[in-house]
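When a ligand or atom number is given, it counts from 1 through the structure's own listing order. The structure displayed is predicted, hence computed values, not measured ones.
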Amino acid sequence: MVPYLKEAGKAIFQDRYVTKANELLVPWDGKHASSIGLIGVPLSKSSISHSGAAFAPQAIRQALSFYTTYSIETGIDLADIAITDYGDIVMHPTDIAKSQKRIAETVGQVVALHPESLWITLGGDHSITCPVVSGWQKQKGKIGIIQFDAHHDLRNLEDGGPTNGTPFRRLIETGVIDGSQLVQIGLRDFANSRAYTEYGKQRGVTMYTIEEVYRLGIETIIEESMKTLADVTAVYVSVDMDVLDQAFAPGCPAIGPGGMDSRTLLHAISLLARDDKVQAIDIVEIDPTIDFRQMTSRLAAWVILQFLKEKSGRQPD
Ligand SMILES: N=CN[C@@H](CCC(=O)O)C(=O)O
Ligand SMILES: [Mn+2]
Ligand SMILES: [Mn+2]
């Protein structure tokens with residue numbers, strides 16, 4: 001026995017009174033599952049801009065280690081919560097359509113095994129939301145989606161097919177949702193086209209620009225959004241990290257100024273997660289290869305913790 005030798009990468013400082021958030025992840029054993037599931041979807045070949053978002057699931061998991069499990073704001077500690085980590089879906093090396101089919105099938109299968117679980121999906125580029133929602137929706141009936149994004153992602157399918165610019169158009173046109181079941185929050189100037197704003201309006205999509213977020217306040221917008229989705233049975237939240245200003249999320253392919261600040265996004269996630277109808281969340285569009293000091297992955301990890309803090313069922317002190 002050589003007492004000061006440890007497995008490679010494990011010789012790190014440990015404080016006996018601290019639990020790190022990555023310790024909440026428990027690999028799925030194929031049988032048992034907690035009430036919270038996490039799955040990685042490493043697909044970014046479908047991105048219309050150069051993207052290494054396929055590396056994001058691991059980067060976000062790793063970024064959980066930057067956080068403790070204790071919320072000083074509420075007194076809630078998540079230390080005894082288990083997140084079942086289902087691992088990553090194996091992508092086809094070249095065939096995007098095949099990869100997306102695998103995503104819908106795999107999500108459908110795991111959600112069918114544990115339909116009551118809350119689901120956290122780590123993308124990948126935004127194209128993954130279409131197959132993930134398609135798989136998840138099968139167990140849920142009439143669903144609503146709240147999308148945080150600078151972009152509509154309602155592009156036509158003729159020009160590029162199932163890219164990160166088309167997931168919500170595909171969900172509407174394949175009948176998984178009606179446009180009235182989609183709320184978009186954080187849309188920005190000079191990042192969209194009139195044709196897609198018009199398409200969204202015709203289909204009954206509810207849209208909030210970033211100016212409206214700051215004029216009306218995020219609390220009003222979340223309240224209105226949940227009222228808009230009053231007749232759905234479950235709500236899926238899709239967080240495209242490029243909704244954030246480039247100062248807060250440098251690791252997105254489509255960064256830009258004039259976006260949301262991180263506290264507003266975190267507050268929005270808290271407000272949403274308090275509602276029992278909100279049962280799934282994805283985080284997409286982080287490319288760790290262009291991130292700066294893991295800033296964007298760190299924020300994604302906090303989004304997960306913010307979601308869990310509200311879903312823990314614990315009461316604040
Ligand atoms: N989900 C992102 N969609 C944006 C940005 C795409 C990109 O540049 O990769 C869009 O379609 O414009
Ligand atoms: Mn976007
Ligand atoms: Mn998007």
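- Within the 4.5 Å cutoff, no side-chain heavy atoms of Ser262 are placed close to those of Trp302.
- With the Mn ion (ligand 3) as the vertex, OD2 of Asp240 and ND1 of His126 span 100° to the nearest 10°.
- Within His151, the N, O or S atom lying nearest to the Mn ion (ligand 2) carries the name ND1.
- Criterion: ILVMFWY side-chain heavy atoms under 4.5 Å apart, direct or through other members. Under it, Ile281 and Met241 are part of a common hydrophobic cluster.
- Between Leu272 and Phe148, the closest side-chain pair of non-hydrogen atoms falls below 4.5 Å.
- A heavy-atom distance below 4.5 Å is found between the side chains of Lys309 and Gln306.
- Looking at Asp153 against ligand 1, only its side chain comes within 4.0 Å, counting heavy atoms.
- Residues Trp136 and Phe168 are members of one and the same hydrophobic cluster, defined by side-chain heavy-atom contacts under 4.5 angstrom among Ile, Leu, Val, Met, Phe, Trp and Tyr.
- Annotation for ligand 1: atoms under 4.0 Å from non-hydrogen atoms of Gly165 are 11 (O).
- Closest to atom 11 (O) of ligand 1, if we only count protein heavy atoms, is Arg155 NE, 2.8 Å.
- Sorting the N, O or S atoms of Asp149 by how far they are from the Mn ion (ligand 3) puts OD2 first.
- Transitive grouping of hydrophobic side chains (ILVMFWY, heavy atoms separated by less than 4.5 Å) keeps Met207 and Met226 in distinct clusters.
- Restricting Asp153 to its N/O/S atoms, the shortest distance to the Mn ion (ligand 3) is reached by OD2.
- Hydrophobic cluster membership differs between Leu43 and Leu122, with clusters built from Ile, Leu, Val, Met, Phe, Trp and Tyr side chains linked at under 4.5 angstrom.
- In the vicinity of His126, heavy-atom distances shorter than 4.0 Å reach the ligand 1 atoms 1 (N).
- Hydrophobic clustering (side-chain heavy atoms under 4.5 Å, transitive across Ile, Leu, Val, Met, Phe, Trp, Tyr) groups Leu229 together with Ile185.
- Looking at Ser49 against ligand 1, both its backbone and its side chain come within 4.0 Å, counting heavy atoms.
- The part of Asp240 lying near ligand 1 is the side chain, judged by heavy-atom distances below 4.0 Å.
- Applying the 4.0 Å criterion to heavy atoms of Ser47 picks out, from ligand 1, the atoms 9 (O).
- Considering only non-hydrogen protein atoms, atom 1 (N) of ligand 1 sits nearest to Asn164 O, 2.9 Å.
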